[in-house]
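The next block holds one structure in the form of structure tokens; read it before the comments.
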2 protein chains.
Amino acid sequence: MKVERILSRAVPGEDPRGTLESYLREKGLRLTRQREAILEIFLAHPQHISVEDLYKRVRKADPGIGFATVYRTLKLLTQCGLAEERHFQGGRSRYEPAASEHHDHCICTVCGKIVEFENPTIEQLQDEAAEQLGFELTHHRMELYGICAECRQRPVRRRR
Amino acid sequence: MKVERILSRAVPGEDPRGTLESYLREKGLRLTRQREAILEIFLAHPQHISVEDLYKRVRKADPGIGFATVYRTLKLLTQCGLAEERHFQGGRSRYEPAASEHHDHCICTVCGKIVEFENPTIEQLQDEAAEQLGFELTHHRMELYGICAECRQRPVRRRR
DNA sequence: GTAGATGCAAAAGCTTTGCATGGGT
DNA sequence: ACCCATGCAAAGCTTTTGCATCTAC
């Protein structure tokens, strides 16, 4: 089982910037200073950034950018396949760069750490389970919640 | 694998109403007309009711009840272990009667049907996966999304 | 030059909270 | 009688939308 993702998300032979540009051109949309900045900062961030967090970082780089633009651009990135929206416990949206491979999440309920993993055996069983229920599986969501090794050793830690 | 839950949620030898009463007494809280009504309607509903839907049903039975009371009572039911909060795709909260056994969900992306199931083999593998990541697993969430048999036969169907 | 994008603020959902009043115990 | 619970409305949060202005093409 592969337990942690490689942090660089670049799909070999395909660059995200190019993907965005093609998508924009195809749809008759425009590549703006703001979209470039948001994409860059979004990709630079390791994982699962919240909209608010991304907004703050983007603001630091370019103080003129508004909240609405960040939201609009994240929707755009989602549409062109560069970003994926997540809804972990708590309700507010987080986005992560679209991975070339599917993965699931393991989340520490103490410090909030999120580790990505994949497990083909489980995937296989999920397919089978869905089939038995009469479903043709399109996608799934699996989140494991627990306490990470660090937090078990050092119990008092603030939530990220 | 058990594929569908029994719709009656009564845990043998334990009645929900009694559980609520005990909890209220213990905490010095009160059993009101509204709480009785909300509990009853909540338990009568098969599964995964949204707050709004519950509110509407409760209103029909007792038009004086306010939205805030429904929210407050659902929190109360969650605290005393009678209800569980879910956040499926889309963001708004749904509640379901606390099951005596853990289960996961399989959701039709066309008609919105939700089927509950459990799969001990997957559970076991989840435990192992978390352990390999250094986590002590406390709980998890697994949702399978796909198209149910009905919807595959009869493609055009509105979302519930 | 034109259609799309932006920033701001207002609006829109969903959920929670404050407060005067009502009601269990 | 004492407090807790309620209903209403207002406030909180996150996300979306309207609109005048700006800008990439």
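Nothing here was measured: the structure is a model prediction, and the numbers come from that model. By convention in this document, chain letters (A, B, ...) are assigned in the order of the sequence lines, proteins followed by strands, and residues within each chain are numbered from 1.
For Q132(A) and E128(A), the side-chain atoms include no donor-acceptor pair closer than 3.5 Å.
V115(B) places a side-chain heavy atom less than 4.5 Å from the side chain of F135(A). Within the 4.5 Å cutoff, the side chain of H140(B) has no heavy atoms near those of the E143(A) side chain. Side-chain contact between R17(B) and E36(B) is present, with at least one heavy-atom pair separated by less than 4.5 Å. Between V51(B) and V70(B) the shortest side-chain heavy-atom distance falls below 4.5 Å.
Remark: C1' of dT15(D) and CG of D53(A) are 17 Å apart, rounded to the nearest angstrom. Look at CZ on F67(A): it is 14 Å from C1' on dC8(C), rounded to the nearest Å. What separates CG of L54(A) from C1' of dT14(D) is a distance of 15 Å, to the nearest Å. Atom CG of L39(B) is separated from atom P of dA5(D) by 15 Å (rounded to the nearest Å). If you measure from atom CZ of R25(A) to atom P of dA24(D), you get 16 Å, rounded to the nearest angstrom. Straight-line distance from the OH atom of Y71(A) to the P atom of dA9(C): 17 Å, rounded to whole Å. Distance L77(A) CG to dA5(C) P: 13 Å, rounded to the nearest Å. Look at NE2 on H87(B): it is 7 Å from P on dT15(C), rounded to the nearest Å.
Using the six-membered ring where Trp is involved, H48(A) and H103(A) have ring planes that are perpendicular, over 60° apart on the 30 and 60° scheme.
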Exercise. What does nucleotides 18-25 of chain C look like as a protein-contact string, B for base, S for sugar-phosphate only, - for none, at under 4.0 angstrom between heavy atoms?
Worked result: B----BBS
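Checking the phosphate oxygens (OP1, OP2) of dT15(C), no side-chain nitrogen or oxygen of K75(B) falls inside 4.0 Å.
Among the atoms of the strands shown, none is found under 4.0 Å from any heavy atom of K27(A).
Mapping P63(A) and L76(A) onto DNA chain C by nearest heavy atom places L76(A) closer to the 5' end of the strand.
Residues meeting the side-chain contact (heavy atoms from CB on, under 4.5 Å) test with R57(A), sequence neighbours left out: I41(A), H45(A), I49(A), D53(A).
Listed nucleotides: dC8(C), dT16(D), dG7(C). Nearest to the side chain of I65(A): dG7(C).
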